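When reading the values below, keep in mind they use all heavy atoms of this one structure, side chains included, and skip hydrogens, waters and symmetry mates. All of these numbers come straight from a predicted model, not from anything done at the bench.
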Amino acid sequence: MGDHFFSADPQSADVRRTVEARIWGKPYVFTTATGVFSRDRLDIGTAVLLREIEPPKQAGTFLDLGCGYGPIACALALEVPKATVWAVDVNSRALELTGVNAKAAGVAERVHAALPDDVPENLQFDQIWSNPAIHIGKPELHKMLLRWLGRLAPDGVAWFVVGKNLGGDSLQRWMTEQGYPCERIGSAKGFRVLRATR
């Protein structure tokens, strides 16, 4: 059975390449590899999220949940010079690439690539940004979202992008039912952009 991008330790050969992207008006060149999410380009969902939502106006502690090779984390750190960004993924290769890309962007000292259990337990987040891994299945997805939404600061906000055909609308309702009011604030290319709060 081949690797999934949510495999903890991809067994496929680590074949690297670079992809170019423009985020919030700035050009980036990211290093990607086999065994990670969307290795051939900035995926459409993430691109929609970054196009629909402006970067934070104030410094804070931000979470890139399911960071892949780190495009969101790097862009947040570059746009908000005093921000601290935690880039969380279960894929060890993705975390390594996030470190490589943060260094290339000049923000390595403020981007912390970590496995979920390695994030300090008492840490709260002012913002969460995520293109969540819907394909892990609904039970695991819900468990993951509840774990991290519970760590939003009292006045924090979480931004998500989810494909409409992958349950974006039902996920919006579910988060609201769990006590995290969620609204759709954008829709493009078959994706829903969602905003959740505490």
Intermediate values then yes/no, side chain to side chain contact (heavy atoms under 4.5 Å, CB included), R17 and V19: CA-CA 7 Å; R17 60 164 297 180; V19 297; 4.0 Å; yes
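With sequence neighbours excluded, no residue forms a ring pair (Phe, Tyr, Trp, His ring centres under 6.0 Å) with Y180. Contacts of F191 classified as ring pair (Phe, Tyr, Trp, His ring centres under 6.0 Å), with partners at least two apart in sequence or in another chain: none. Considering only residues two or more places apart in sequence or on other chains, A75 meets the side chain to side chain contact (heavy atoms under 4.5 Å, CB included) condition with I23, W24, Y28. With sequence neighbours left out, W148 forms a side-chain hydrogen bond (donor to acceptor under 3.5 Å, both in side chains) with no residue at all. Residues forming a side-chain hydrogen bond (donor to acceptor under 3.5 Å, both in side chains) with K26 (at least two apart in sequence, or on another chain): E79.
In terms of hydrophobic clustering, with Ile, Leu, Val, Met, Phe, Trp and Tyr side chains grouped at heavy-atom distances under 4.5 Å, L78 and L49 are assigned to a common cluster. Hydrophobic clustering of Ile, Leu, Val, Met, Phe, Trp and Tyr side chains at less than 4.5 Å, counting indirect connections, unites L42 with V85. Residues L97 and V29 do not share a hydrophobic cluster, defined by chaining ILVMFWY side chains whose heavy atoms lie under 4.5 Å apart. One hydrophobic cluster, built from ILVMFWY side chains closer than 4.5 Å, cannot hold both V107 and V100; they sit in different ones.
Within the structure, side chain to side chain donor-acceptor pair (under 3.5 Å) contacts touching residues 186-198 (residues at least two apart or in different chains) are D169-R192, S187-R192. Applying the salt bridge (charged side-chain N to carboxylate O under 4.0 Å, His left out) test to residues at least two apart or on different chains, none of the pairs has a partner in residues 123-143. Applying the side chain to side chain donor-acceptor pair (under 3.5 Å) test to every pair with at least one member in residues 47-65, sequence neighbours left out, gives these pairs: E54-K57. Applying the side chain to side chain donor-acceptor pair (under 3.5 Å) test to every pair with at least one member in residues 103-125, sequence neighbours left out, gives these pairs: D117-R147.
The two residues A158 and L149 make their nearest non-hydrogen contact at CB-CD2, 3.9 Å. Residues L141 and A133 come closest through the heavy atom pair CD1-O, 4.3 Å. Taking all atoms of both residues into account, the shortest heavy-atom contact from T98 to G70 is OG1-N, 3.4 Å. In terms of heavy-atom proximity, Q127 sits nearest to P56 at OE1-CG, 3.5 Å. Taking each heavy atom of P132 and V162 in turn, the nearest pair found is CG-CG2, 4.0 Å. In this structure, A87 and A73 approach most closely via the heavy-atom pair CB-CB, 3.9 Å.
To the nearest 0.5 Å, the span separating CG on N131 from CG on D43 amounts to 5.0 Å. Taking CG from L123 and CG from L63, the interatomic distance works out to 9.0 Å, rounded to the nearest 0.5 Å. One distance of note links CG of N101 with OH of Y69; it measures 8.0 Å at 0.5 Å rounding. Going from atom CH2 of W129 over to atom OG1 of T46 covers 11.0 Å, rounded to the nearest 0.5 Å.
Side-chain contact check for I53 versus I185: some heavy-atom pair is nearer than 4.5 Å. No side-chain heavy atom of F62 sits less than 4.5 Å from a side-chain heavy atom of P55. Proximity of F125 to L65: side-chain heavy atoms (C-beta onward) are nowhere separated by under 4.5 Å.
The backbone N or O of L95 sits nowhere less than 3.5 Å from a side-chain atom of D89 that would complete a donor-acceptor pair. Between the side chain of S130 and the main chain of F160, no donor-acceptor pair closer than 3.5 Å is present.
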